[in-house]
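Here's the structure we're looking at; comments come further down.
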Amino acid sequence: MTTTASLVPDVPDAERVTAVELAVQDPAGIAVAAAVGADRLELCTALALGGMTPSAGLVETAVASGVATHVLVRPRGGAFDYTAEELRLVRADVRWAVAAGAAGVVVGGLRAGAVDTELVRSVVECAGGAEVTFHRAFDVLADPDAALEELAGLGVHRVLTSAGAARAADALPGLERLVRRSGGRVQVMAGGGVDPSNAARVAATGVAAVHASAKRTVRVDVAVPLGSAAPAGETGYDVTDEALARGIVAAVRGERG
């Protein structure tokens, strides 16, 4: 049986390579991830709501792009305490995503402020060897150190975290501590407000990867309200900005324009 430790080898600092993961939500974002040479993408919909499970067609598009695709499996917005019915949906979506060619899945679940071990254990089983990432639900855990140990033991490949801060760049010592605490048994991936101005500093903490959405809001004028909560007038939507994404990749890799 493959262990988490074997997936994350202990290599000298000089040989470490920090991966770049882009969170994208549409075909244009997938194309940007491929164009800028991202190491992988986290695929979702509704990034403005924290991300939701993407459609079958979007997953197929991402897998066909050739970029390692990790599918966010989140059945609804709000808290991460799921019902039995929602857990069944999560398991079904995990199995489908892996069968569709996803390299991994991204999940998170809590019970009374701790890791939902039932959810995580069953997701690792359903993933059948594909990588499992525990998302930023990690940042609201009551005891992140104990959770890191637990997730490593459950076979989770990596955790996405800002070390409890709003932005990863505001918690550099916390990220360094989590990297040391992980001991190479589970990857620590830093996310939250990562942009070209701070990506290199975040990567320098020793995290295995940085995660960013590189998003930009496109403003449009709407004469008629779209939905019960939408006022007439200006509205907008988020897109993956290629220049921002390229800048993040260059900063992490130490490239100069």
Handout entry: Cluster link Leu41 to Met189, ILVMFWY, side chain under 4.5 Å
Key = no
Problem - Check: Ser162/Arg136 side-chain N/O donor and acceptor closer than 3.5 Å - result: yes
Problem - Student check: side-chain heavy atoms of Leu151 and Phe138 closer than 4.5 Å - result: yes
Handout entry: Student check: side-chain heavy atoms of Ile30 and Leu58 closer than 4.5 Å
Key = yes
Problem - Which atom of Ser197 lies closest to which atom of Asp195, heavy atoms considered - result: OG-OD1, 2.5 Å
Practice task
Establish whether Leu72 and Val63 are linked, either directly or via other cluster members, by ILVMFWY side-chain heavy-atom contacts under 4.5 Å.
Solution key: no
Exercise for the section: Answer whether the closest heavy-atom distance between the side chains of Leu43 and Val59 falls below 4.5 Å. Expected result: yes
Handout entry: Thr69 side chain to Val67 backbone, donor-acceptor under 3.5 Å
Key = yes
Practice task
Would you confirm whether Glu149, through its side chain, and Ala146, through its main-chain N or O, come within 3.5 Å as a donor-acceptor pair?
Solution key: no
Problem - 4.5 Å side-chain heavy-atom contact, Val107 and Thr133 - result: no
Practice task
Check whether any side-chain heavy atom of Glu42 sits under 4.5 Å from a side-chain heavy atom of Leu160, and report yes or no.
Solution key: yes
Problem - Single-linkage hydrophobic cluster Val123~Leu89, side-chain heavy atoms < 4.5 angstrom - result: no
Completion exercise
Correct closest heavy-atom pair for Ala102 and Ala130 would be O-CB, 4.5 Å
Practice task
State whether a side-chain donor-acceptor pair under 3.5 Å links Glu21 with His211.
Solution key: yes
Practice task
Kindly say whether Val106 contributes a backbone atom to a donor-acceptor pair with the side chain of His70 at under 3.5 angstrom?
Solution key: no
Practice task
Walk me through it: do Leu154 and Thr117 pass the test side-chain contact (heavy atoms from CB on, under 4.5 Å)?
Solution key: CA-CA 8 Å; Leu154 289 167; Thr117 56; 4.2 Å; yes
Problem - Between CD on residue Gln25 and SG on residue Cys44, distance to nearest 0.5 Å - result: 6.0 Å
Exercise for the section: Answer yes or no: is there a donor N or O on one side and an acceptor on the other, between the side chain of Asn198 and the main chain of Arg201, under 3.5 Å? Expected result: no
Practice task
Could you check if a side-chain atom of Leu110 sits within less than 4.5 angstrom of a side-chain atom of Asp116, using non-hydrogen atoms only?
Solution key: no
Problem - Shortest non-hydrogen separation from Ala97 to Val105 and the atoms involved - result: CB-CG1, 4.2 Å
Exercise for the section: Would you check if Leu244 and Pro196 make a side-chain contact, meaning some heavy-atom pair closer than 4.5 Å? Expected result: yes
Practice task
Taking the six-membered ring for Trp and the single ring otherwise, decide whether the centroids of Phe134 and His157 are under 6.0 Å apart.
Solution key: no
Fill in the blank from the handout: dist Arg180:CZ -> Thr205:OG1 (nearest 0.5 Å) comes out at 10.0 Å
Practice task
Check the hydrophobic clustering (I, L, V, M, F, W, Y; side-chain heavy atoms under 4.5 Å; chains of links allowed) and say if Val90 and Val115 are grouped together.
Solution key: yes
Completion exercise
One should read off an interatomic distance between Arg253 CZ and Ile248 CD1, to the nearest 0.5 angstrom, of 11.5 Å
Practice task
Taking Asp39 for its side chain and Ala19 for its backbone only, find out whether a donor-acceptor pair lies under 3.5 Å.
Solution key: no
Exercise for the section: Identify, with sequence neighbours excluded, every residue that meets salt bridge (Lys or Arg N to Asp or Glu O under 4.0 Å) alongside Glu118. Expected result: Arg91
Practice task
Begin from the C-alpha positions of Val210 and Thr18 and carry the test side-chain contact (heavy atoms from CB on, under 4.5 Å) through to its verdict.
Solution key: CA-CA 7 Å; Val210 296; Thr18 305; 4.2 Å; yes
Fill in the blank from the handout: Nearest heavy-atom contact between Leu141 and Ala114 is CD2-C, 3.5 Å
Exercise for the section: Would you kindly confirm whether Val98 and Leu87 end up in one hydrophobic cluster when ILVMFWY residues are joined by side chain heavy atoms under 4.5 Å apart? Expected result: yes
Problem - Contact summary for Val249 and Val20, nearest pair of heavy atoms - result: CG2-CG1, 3.9 Å
Could you tabulate the donor-acceptor pairs under 3.5 Å formed by side-chain atoms of residues 46-53, not counting sequence neighbours?
unit_1, atom_1, unit_2, atom_2, d
Thr53, OG1, Arg74, N, 2.8
Thr53, OG1, Arg74, O, 3.0

Practice task
Quick one: pull up NZ in Lys215 and CG in Leu22 and give me the separation to the nearest 0.5 Å.
Solution key: 13.0 Å
Practice task
Check whether any side-chain heavy atom of Arg76 lies under 4.5 Å from a side-chain heavy atom of Tyr82, and answer yes or no.
Solution key: yes
Problem - Salt bridge Arg177-Asp145, side-chain N to carboxylate O under 4.0 Å - result: yes
Exercise for the section: Give the intermediate values and the outcome of side-chain contact (heavy atoms from CB on, under 4.5 Å) for residues Val239 and Thr217. Expected result: CA-CA 6 Å; Val239 298; Thr217 301; over 6 Å; no
Exercise for the section: Go through Leu178 and Thr161 one step at a time and tell me if the side-chain contact (heavy atoms from CB on, under 4.5 Å) criterion holds. Expected result: CA-CA 9 Å; Leu178 286 171; Thr161 179; 4.0 Å; yes
Practice task
Write down the atom of Ala137, the atom of Gly108, and the distance for their closest heavy-atom approach.
Solution key: CB-CA, 4.4 Å
